[in-house]
Amino acid sequence: QVQLVESGGGLVQAGGSLRLSCAASGSRFSISSMGWYRQAPGKQRDFVATITNGGRTNYADSVKGRFTISRDNAKNTWLQMNSLKPEDTAVYYCNADGVVYDQYPPKDFDSWGQGTQVTVSS
């Protein structure tokens with residue numbers, strides 16, 4: 001099983017910046033892609049950004065040019081959020097998918113973190 005832990009959320013004024021972090025841990029595994037999603041009160045969870053192990057990125061139109069996703073070669077991903085707007089207020093969730101090798105045959109996984117609150121005041 002692969003666990004994800006997010007950090008870095010908080011309260012910021014409109015126009016400000018925050019950097020979210022996500023660290024994966026567990027038994028032997030490899031990650032294919034990591035991403036960020038967000039859920040505002042009363043709304044569904046929406047895609048924000050993803051990055052593959054080859055470094056290919058994809059962003060929601062609403063965050064293009066403002067947010068940047070990155071990752072290392074191990075088990076961490078970050079979301080740099082600039083020019084924040086009140087509509088970016090949400091709980092942000094980290095997601096990762098890949099393969100777990102601590103069993104035979106290896107098993108695919110798709111894990112979520114517990115979420116971190118981002119609040120942007122106007």
Side-chain angles (χ1 to χ4, degrees):
Q1 189 173 358
V2 178
Q3 295 82 38
L4 303 177
V5 177
E6 304 103 331
S7 60
L11 173 64
V12 64
Q13 288 188 329
S17 298
L18 282 174
R19 180 177 170 89
L20 305 183
S21 300
C22 175
S25 65
S27 51
R28 294 186 301 145
F29 63 95
S30 64
I31 295 176
S32 297
S33 66
M34 301 186 81
W36 293 91
Y37 294 73
R38 65 187 182 186
Q39 188 168 18
K43 296 188 176 181
Q44 66 182 20
R45 189 172 299 185
D46 290 329
F47 163 75
V48 175
T50 55
I51 184 167
T52 68
N53 56 7
R56 186 170 64 243
T57 59
N58 190 29
Y59 296 93
D61 288 342
S62 59
V63 306
K64 280 181 181 177
R66 300 188 299 122
F67 290 11
T68 302
I69 188 171
S70 60
R71 63 178 289 185
D72 60 13
N73 290 329
K75 305 167 184 176
N76 300 286
T77 185
W78 297 269
L79 185 68
Q80 178 66 43
M81 305 186 294
N82 298 328
S83 302
L84 283 161
K85 306 175 181 179
E87 51 263 44
D88 293 320
T89 295
V91 177
Y92 283 71
Y93 296 90
C94 178
N95 173 263
D97 63 75
V99 180
V100 175
Y101 295 99
D102 66 349
Q103 55 192 301
Y104 186 82
K107 184 178 180 180
D108 293 341
F109 76 89
D110 189 327
S111 295
W112 293 88
Q114 81 288 350
T116 184
Q117 177 70 48
V118 171
T119 303
V120 184
S121 63
S122 57

Would you give me the side-chain donor-acceptor pairs under 3.5 Å for residues 99-109, sequence neighbours excluded?
from	atom 1	to	atom 2	distance (Å)
Tyr101	OH	Ser30	OG	3.4
Asp102	OD2	Ser27	OG	2.6

Report task. Tell me, please, which residues at least two apart from Lys43 pass salt bridge (charged side-chain N to carboxylate O under 4.0 Å, His left out). Result ->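 Not a single residue meets the salt bridge (charged side-chain N to carboxylate O under 4.0 Å, His left out) criterion with Lys43.
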
Query raised in the report: Excluding sequence neighbours, so at least two apart, what forms salt bridge (charged side-chain N to carboxylate O under 4.0 Å, His left out) with Arg19?
Result: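 If we apply the salt bridge (charged side-chain N to carboxylate O under 4.0 Å, His left out) test to Arg19, skipping adjacent residues, there are no hits.
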
For the student: nearest non-hydrogen atoms of [X] and [Y], plus distance:
X	Y	value
Leu79	Ala49	CD1-CB, 4.4 Å
Val63	Val48	CG2-O, 3.7 Å
Ala24	Val2	CB-CG1, 4.2 Å
Met34	Lys75	CE-O, 4.1 Å
Asp97	Ser33	OD2-OG, 2.6 Å
Val5	Gln114	CA-OE1, 3.8 Å

Donor-acceptor pair, distance only, cut-off 3.5 Å: does the side chain of [X] make one with the backbone of [Y]?
X	Y	value
Ser111	Gln3	no
Glu6	Cys94	yes
Asp61	Lys64	no
Gln117	Gly10	no
Tyr59	Ile69	yes
Ser21	Trp78	no

Report task. Establish, for the pair Arg38 and Tyr93, whether the NZ or CZ atom is under 6.0 angstrom from the six-membered ring centre and no further than 45 degrees off its axis. Result ->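 Not satisfied by the 6.0 Å and 45° rule.
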
**Report entry** Distance in Å, Leu18 CG paired with Gln80 CD, rounded so as to fall on 0.5 Å steps
**Finding:**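 So the gap between those two atoms works out to 8.5 Å.
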
**Report entry** Polar contact flag, side-chain donor to acceptor under 3.5 angstrom, Asn82-Ser17
**Finding:**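 Indeed, the side chains of Asn82 and Ser17 share at least one donor-acceptor pair under 3.5 Å.
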
Query raised in the report: Just checking, any donor-acceptor pair under 3.5 angstrom between side chains of Asn53 and Ser32?
Result: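 Ser32 and Asn53 do not have a side-chain donor-acceptor pair below 3.5 Å.
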
Query raised in the report: Among the clusters formed by ILVMFWY side chains lying less than 4.5 Å apart, do Val91 and Leu84 turn up in the same one?
Result: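 Not linked; separate clusters.
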
Requested in this report: Indicate if Leu20 and Ile51 have the same hydrophobic cluster label, given that clusters are the connected sets of ILVMFWY residues with side-chain heavy-atom separations under 4.5 angstrom.
Outcome: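 Linked within one cluster.
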
Query raised in the report: Got more than 12 heavy atoms from elsewhere within 6.0 Å of CD, Gln1?
Result: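 Atom CD in Gln1 is not crowded, with 12 or fewer foreign heavy atoms closer than 6.0 Å.
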
Requested in this report: Check whether the ring centres of Phe47 and Trp36 lie less than 6.0 Å apart, and answer yes or no.
Outcome: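 For Phe47 and Trp36, the ring centres are not under 6.0 Å apart.
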
Report task. Run the salt-bridge test on Asp88 and Lys85 with the 4.0 Å N-O cut-off and return the result as yes or no. Result ->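 Judged by the 4.0 Å cut-off on N to carboxylate O distance, Asp88 and Lys85 do not form a salt bridge.
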
